[in-house]
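A short write-up of the structure that comes next.
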Amino acid sequence: MNTRIALIVAASLTLAACATAPKPLQGQFSTVSPRDSVAQKQTGTPVRWGGRIIETLPSQGETCFQMIARPLTGTGRPSSTSSDASDGRFIACRAGFYDPAVFEPGRDVTFIGRIDGYQTTKIGEYDYPLPKINADVVYLWPVQREVEVVPAYPYGPWGPGWGPGWGWGWRGGWW
């Protein structure tokens, strides 16, 4: 009986380990979203935000990323279940050079840092206030490929044109 319980606990812990965030993304962070932070002006708040890259802007000494924010999954990866889900936009800046050919538009990135202030950016003719974070961690996620699984042989063991209803079955004859 004790062995069975120990086995169940071990299996549960093993499966729970599969759903944790990578080591650089672990920790306690505010649950405020980029959209909420603009309304409440929460400068200095530690956050873990992620999303899709809109633009990568390297400059002398730092690289800034303009992002469309997405809700994060349990692993810290931006959610891809709904392409329309957005928590607003934000800018994340980190010291050093990050190549725009690698950090290209559409890639998923998660940042850890503190809200450093707010910057107004023009989107079309609209002045859009964006929260700006000073990132301590920049985590570029591998590209996820959509895979369609097609059965190798969809007819079962009989082959095409065979199976129930063929031969001497209920039809009452060979043909």
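In what follows, every heavy atom counts, from backbone to side chain, and hydrogens, waters and symmetry copies are set aside.
- Taking the six-membered ring where tryptophan is involved, the planes of Tyr98 and Phe65 are perpendicular, since the angle between them exceeds 60° and thus also 30°.
- Pairing each heavy atom of Gln144 with each of Ser80, the nearest pair is OE1-OG, 3.8 Å.
- Under the 3.5 Å distance criterion, the side-chain polar atoms of Ser37 are left unmatched by any main-chain donor or acceptor of Lys41.
- Of all the heavy atoms in Ile54 and Ile68, the pair that sits closest is CD1-N, 3.7 Å.
- Residues Ile123 and Ile91 are members of one and the same hydrophobic cluster, defined by side-chain heavy-atom contacts under 4.5 angstrom among Ile, Leu, Val, Met, Phe, Trp and Tyr.
- Inter-residue side-chain proximity for Cys64 and Gln119 is flagged as unmet; no heavy-atom pair is nearer than 4.5 Å.
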### Worked check of side chain to side chain contact (heavy atoms under 4.5 Å, CB included) between Thr43 and Asp116
CA-CA 6 Å; Thr43 304; Asp116 195 31; 5.8 Å; no
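- You'll find the side chain of Ile53 stays beyond 4.5 Å of the side chain of Glu104, heavy atoms only.
- Nearest heavy-atom pair, Arg48 versus Ile112, reported as atom, atom and distance to 0.1 Å: CG-CG1, 3.9 Å.
- Residues Trp49 and Phe90 meet the side-chain proximity criterion, which asks for heavy atoms closer than 4.5 Å.
- Residue pairs meeting the side chain to side chain donor-acceptor pair (under 3.5 Å) criterion with at least one partner in residues 124-133, sequence neighbours excluded, are Lys122-Asp127.
- The side-chain heavy atoms of Met67 and Val109, taken from C-beta on, include a pair separated by under 4.5 Å.
- Shown here are the salt bridge (charged side-chain N to carboxylate O under 4.0 Å, His left out) partners of Arg52, two or more places apart in sequence or in another chain: Asp108.
- Between the CG atom of Leu72 and the OG atom of Ser33 there is a distance of 11.0 Å, given to the nearest 0.5 Å.
- Screening Asp87, Ile115, Val47 for a side-chain contact (heavy atoms from CB on, under 4.5 Å) involving Pro34 leaves a single residue, Asp87.
- Between Ser79 and Thr73, the shortest heavy-atom distance links the atoms CA-CG2, 4.0 Å.
- Following chains of ILVMFWY side-chain contacts shorter than 4.5 Å, one cannot reach Leu130 starting from Phe103, and the two form parts of different hydrophobic clusters.
- Val137 is not listed as a side-chain neighbour of Phe111, based on a closest heavy-atom distance of 4.5 Å or more.
- In this model, a donor atom of one side chain and an acceptor atom of the other lie less than 3.5 Å apart for Thr110 and Trp141.
- Linking Ile, Leu, Val, Met, Phe, Trp and Tyr residues whenever their side-chain heavy atoms come within less than 4.5 Å leaves Val102 and Val143 in two separate clusters.
- Counting heavy atoms from C-beta outward, Arg114 and Asn134 have side chains that stay 4.5 Å or more apart.
- The side chain to side chain donor-acceptor pair (under 3.5 Å) pairs that include a residue from residues 55-71 are Gln66-Arg89, where partners are two or more places apart or lie in different chains.
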